[in-house]
Amino acid sequence: MQPKQSIVSLPVYQPGKPIEEVKRELGLKEVIKLASNENPFGSSEQAKAAVLKEMENISIYPDSFSTELTAEVAKFLGVERDQIIFGAGSDEVILMLARAFLVPGDETVMADETFSQYRHNAVIEGATIVEVPLKNGVHDLPAMLNKITDLTKIVWVCNPNNPTGTIVGREELKSFISQVPSHVIVVLDEAYIEYITDESALPDSVALIGEYKNVILLRTFSKIHGLASLRIGYGAAHVDLIRMVNQVREPFNTTRIAQAAAIASLADQDFVKSCRERNAEGKAYMYKQFDRLGLPYFEAHGNFVMVDVKMPSGQAFDGLLRRGIISRARWKHYPNHIRITIGSQDQNEAFIAALESVLTEAAVLG
Ligand SMILES: *Cc1c(COP(=O)(O)O)cnc(C)c1O
């Protein structure tokens with residue numbers, strides 16, 4: 001058997017460690033997972049009710065075009081229905097973009113470091129990865145612009161960026177997009193956009209897709225909507241771009257249950273708002289504690305914080321794990337940083353207590 005050359009040495013995605021596995025391995029009763037930016041407040045009660053109701057219909061294939069959900073999302077964004085495409089999570093929209101556009105020899109520009117799935121899917125398609133270092137944890141848009149050539153097909157902007165949590169300035173983003181040649185697709189991955197509390201920092205992404213045919217924004221129901229296990233997210237762009245991506249979409253790529261839950265969750269903006277507010281409170285608590293412990297961190301705009309723990313992150317990860325906290329560590333360019341999801345107040349307090357104990361043990365704290 002001979003697979004595609006591009007997949008032979010491809011690293012397998014390393015998800016956050018599952019809670020059950022950690023409990024088993026370390027014999028712990030209580031384990032808190034703050035590793036995958038899941039919603040600590042669960043999901044909307046209305047979404048749960050919609051899931052139960054839709055169970056009656058699970059023997060029937062889903063609506064391939066997600067007609068009802070498309071109408072709701074189009075209304076929510078203020079765009080036309082044919083400007084939206086759904087995926088099994090926005091991960092699948094990333095996959096579809098790579099599949100539809102990238103061939104060996106193409107170049108694709110992304111930050112280093114950023115969300116792993118841009119690189120992963122581009123490598124599978126045999127494209128050449130052009131990585132541009134973050135500048136103080138933020139996308140360096142002018143440097144990324146400089147890396148665009150006639151061979152460039154897609155530029156990825158993760159905003160807020162995973163793992164650093166930083167955002168690019170609104171005007172800076174506009175200026176960047178206005179200078180990107182029209183043959184290059186700009187992907188604005190906004191998985192955490194709903195967590196932004198500072199209105200003046202909100203990117204004008206919906207206006208941008210109206211103005212530029214080569215811009216696509218990606219959003220998901222996995223993060224603030226708390227529907228990660230149902231796998232549903234979307235892309236929004238000019239109708240011509242959406243039509244191209246649709247060519248490679250599997251006919252039944254999202255489920256009935258996911259579509260029903262997403263409709264209900266989108267309607268429950270009170271839940272979204274309350275999660276945004278509680279996340280902001282949790283973030284303020286984390287900042288205060290990190291300041292007290294003398295730990296620097298990147299300004300966070302999502303539901304996670306990248307903090308410098310002043311010791312090898314793998315060692316901090318292991319210490320936290322033994323104390324029942326699952327974090328994310330071992331970043332390529334940030335050997336002393338861990339990424340921690342902002343949890344509920346109880347979870348945040350448990351995390352800080354565990355971190356303080358790890359830092360004391362490692363003699364980072366006096
Ligand atoms: C979580 C995440 C996604 C995708 O999540 P899905 O569950 O596939 O919708 C996309 N981009 C970033 C930056 C993320 O953190």
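Atoms within each ligand, like the ligands themselves, are counted from 1 in listed order. Here the structure is a predicted model, which is why all the values come from computation and not from measurement.
Less than 4.0 angstrom separates some heavy atom of S222 from each of these atoms of ligand 1: 6 (P), 7 (O), 9 (O). Residue C158 has at least one heavy-atom neighbour below 4.0 Å for each of these atoms of ligand 1: 13 (C). For ligand 1, the atoms sitting less than 4.0 Å from at least one non-hydrogen atom of G89 are 6 (P), 8 (O), 9 (O), numbered in the order shown with element in parentheses.
Within 6.0 Å of CZ on F252 lie more than 12 heavy atoms contributed by other residues, nucleotides or ligands. E25 CD: more than 12 foreign heavy atoms inside a 6.0 Å radius.
Both the backbone and the side chain of D91 come within 4.0 Å of ligand 1, counting heavy atoms alone.
Taking CE from M306 and OH from Y297, the interatomic distance works out to 15.0 Å, rounded to the nearest 0.5 Å.
Applying the side chain to side chain donor-acceptor pair (under 3.5 Å) test between S44 and each of D268, N39, D270 identifies D268 as the sole match.
Both tests do not hold together for R219 against Y234: distance to the six-membered ring centre under 6.0 Å, angle to the ring axis within 45°.
For H337 and F298, the ring centers sit closer than 6.0 Å to each other. Aromatic pair F86/F65: ring centres not closer than 6.0 Å.
In terms of protein heavy-atom proximity, atom 15 (O) of ligand 1 is nearest to Y192 OH, 2.6 Å. Distance from atom 8 (O) of ligand 1 to its nearest protein heavy atom, with residue and atom name: R231 NH2, 2.8 Å. In terms of protein heavy-atom proximity, atom 2 (C) of ligand 1 is nearest to K223 NZ, 2.5 Å. Looking at atom 11 (N) of ligand 1, its nearest protein heavy atom turns out to be D189 OD2, 2.6 Å. Nearest protein heavy-atom neighbour of atom 4 (C) of ligand 1: S90 OG, 3.2 Å.
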